[in-house]
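Order of appearance sets the numbers: ligands from 1, and atoms from 1 within every ligand.
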Amino acid sequence: MSAGIDRLAAYVPQYALPLEELARARGVPPEKLTQGLGVEEMAVPAPCEDVVTLGATAGARVLQAAGVDPREIGMLVVATETAVDHAKPVGIFIHELLGIGPRCRVYEVKHACYAGTAALMAAADWVRAGGPRGRRALVIAADVARYPLGSPGEPTQGAGAVAMLVGRDPRALILGEETGVHARQVWDFWRPLDRREAVVDGKFSVECYLDALGAAFAAYRALERPALQRDEVLSDRLARVLYHTPFPKMAAKAHRRLLEVDLRATHARWTAAEADFERVVAESFAEQVAPGLGAIRRIGNAYTASLYLCLAGLLEAEGRRLGARRIGLFSYGSGSCAEFFGGLVPASVVEAGDAGLARMLAARTRIGVDEYERLVAAAESGGDAPPGFGGAFVFRGVRRDRREYAPIEREAA
Ligand code: CAA
């Protein structure tokens with residue numbers, strides 16, 4: 001029985017800061033951000049948004065698009081590193097906002113940017129264990145990336161959510177059952193309980209990511225069935241490869257490392273490629289990776305939602321072309337845990353591949369650096385929806401130590 005993502009929907013906050021403007025304000029050459037990091041715009045949330053409203057909006061959209069009654073959801077897992085309470089999970093707020101019934105397992109998962117994949121794997125296993133019962137799970141990956149203003153991490157901020165309906169005979173991505181994992185305790189990126197912004201050892205985090213990719217991909221490669229022939233490379237069996245993308249240049253570095261591991265495993269292919277390796281990497285990147293980066297260039301890092309925003313963007317842009325082809329996905333969470341896995345895009349993806357991303361990105365409001373800094377200072381202060389607000393829910397604020405949320409329809413009534 002196949003299990004995987006039946007449908008996915010995305011939500012990205014309405015404000016977009018062009019990175020060229022940020023570069024000018026910080027006295028940095030714009031090309032360093034647009035080419036060196038590969039980011040064009042950064043998504044910035046409104047004060048009435050937090051990870052609950054981002055995730056709930058994506059969740060409402062996926063249920064509506066799939067025509068699924070919320071009471072059919074038997075498992076709701078929210079993956080985030082931007083949680084709003086130390087005990088109460090983000091998922092239980094979303095459970096109420098979406099009208100999901102009481103017969104539902106609800107919990108939150110955290111492992112930096114890896115959590116969305118942990119949640120997806122748990123949900124797929126739960127669906128498989130249910131056999132013909134046709135269980136349905138809702139997995140939501142949502143985050144708001146925050147670094148100190150003026151720090152090297154600042155241009156890689158972003159925000160967004162992806163909701164994935166997980167079930168049998170999926171129409172968007174059939175997950176392979178074998179995956180390659182790699183875990184190692186490292187201090188590359190973390191956020192102590194009393195801080196709003198992440199602490200990061202940036203250059204070291206890039207090394208940790210690449211080392212984890214090499215190890216997870218090698219583990220995945222070893223499990224490949226049918227087994228690879230002597231001079232065959234696994235990347236030839238993948239139509240596209242998606243990477244956790246804190247900034248698009250990271251995906252380029254990652255693909256270079258993946259090809260190196262893959263080609264070096266076969267004497268003949270590595271010998272043929274070695275002398276002209278940069279060209280081999282560039283051609284492969286253009287075909288296998290670049291098509292999945294269009295949306296993320298305009299969103300920034302959405303931490304655990306990042307890989308799934310890439311998937312949503314890829315299926316929207318290329319779903320028809322990818323029908324019946326296999327793709328590879330790499331998830332990295334600082335701290336660290338990494339997983340390389342694969343999925344088959346079914347021919348039916350055409351009807352399930354529209355996550356609403358392109359429409360949302362086209363409708364955003366561009367802001368300048370002054371407005372961005374005002375929004376950062378007012379982050380999660382709560383309140384009413386601003387004009388042009390695209391979300392389905394607002395965070396009203398905290399009263400009697402309780403966070404209050406409301407659907408936008410009720411607001412307007
Ligand atoms: N024109 C074009 N390119 C330029 C340039 C210019 N004028 N000036 C510099 N560049 C290039 C540099 O050559 C460099 O490219 P390469 O890496 O290919 O050499 C690139 O721009 C970045 O320059 P620097 O390395 O000097 O940038 P930096 O010191 O400002 O920091 C960073 C970069 C470490 C990634 C920083 O943005 C950061 O700390 N980011 C947050 C951490 C992060 O995203 N880590 C990724 C791995 S961990 C992970 O994935 C988990 C997660 O989500 C956080």
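Comparing heavy-atom distances from atom 3 (N) of ligand 1 across G36, G202, C113 singles out G36 as nearest. Here the shortest heavy-atom distance to atom 27 (O) of ligand 1, taken over K32, K249, E154, belongs to K32. Comparing C208, P152, S336, S205 by heavy-atom distance to atom 45 (N) of ligand 1, the nearest is S205.
Annotation: N301 places an N or O atom under 3.5 Å from an N or O atom of ligand 1; distance criterion only.
Atom 40 (N) of ligand 1 has its closest protein heavy atom at G153 CA, 3.8 Å. Shortest contact from atom 2 (C) of ligand 1 to any protein heavy atom: E31 O, 3.5 Å. Scanning the protein heavy atoms around atom 33 (C) of ligand 1, the nearest turns out to be L37 CD2, 4.2 Å. The nearest heavy-atom contact from the protein to atom 51 (C) of ligand 1 is S334 OG, 3.3 Å. For atom 54 (C) of ligand 1, the closest heavy atom belonging to the protein is Y147 OH, 3.4 Å. Scanning all protein heavy atoms for the shortest distance to atom 25 (O) of ligand 1 gives K203 CE, 3.1 Å. Given atom 16 (P) of ligand 1, the protein heavy atom at minimum distance is K253 NZ, 3.4 Å.
Under the side-chain contact (heavy atoms from CB on, under 4.5 Å) rule, Y114 has a single partner from S334, S336, S331, which is S331.
Using a 4.0 Å threshold on non-hydrogen atoms, atom 47 (C) of ligand 1 counts as touching the protein.
For ligand 1, the atoms sitting less than 4.0 Å from at least one non-hydrogen atom of F189 are 54 (C), numbered in the order shown with element in parentheses. For ligand 1 and Y209, the ligand atoms under 4.0 Å from any heavy atom of the residue are 50 (O). Listed by number with element, the atoms of ligand 1 under 4.0 angstrom from any heavy atom of P29 are 7 (N). Using a 4.0 Å cut-off to heavy atoms of F247, the atoms of ligand 1 that qualify are 35 (C), 44 (O), 46 (C). Contact atoms of ligand 1 toward V200: 42 (C) (distance under 4.0 Å to a heavy atom of the residue).
Heavy-atom neighbours of R320 CZ from other residues, nucleotides or ligands within 6.0 Å: at or below the threshold of 12.
Salt bridge absent: R184 and E207 never bring a charged side-chain N and a carboxylate O closer than 4.0 Å. Salt bridge E380/R196: absent, no basic N to carboxylate O contact under 4.0 Å. Electrostatic pairing of R256 and E278 counts as a salt bridge here, judged by a charged N lying under 4.0 Å from a carboxylate O.
Closest approach of V127 to G167, counting heavy atoms only: CG1-C, 3.6 Å.
Checked by atom type, the side-chain pair T82/D143 shows a donor-acceptor distance below 3.5 Å. Checked by atom type, the side-chain pair D50/Y405 shows a donor-acceptor distance below 3.5 Å. Remark: the Y11 side chain and the E49 side chain contain an N/O donor-acceptor pair separated by less than 3.5 Å.
With ring centers used as reference points, Y220 lies 6.0 Å or more from F330. Aromatic pair F93/F393: centroids not less than 6.0 angstrom apart.
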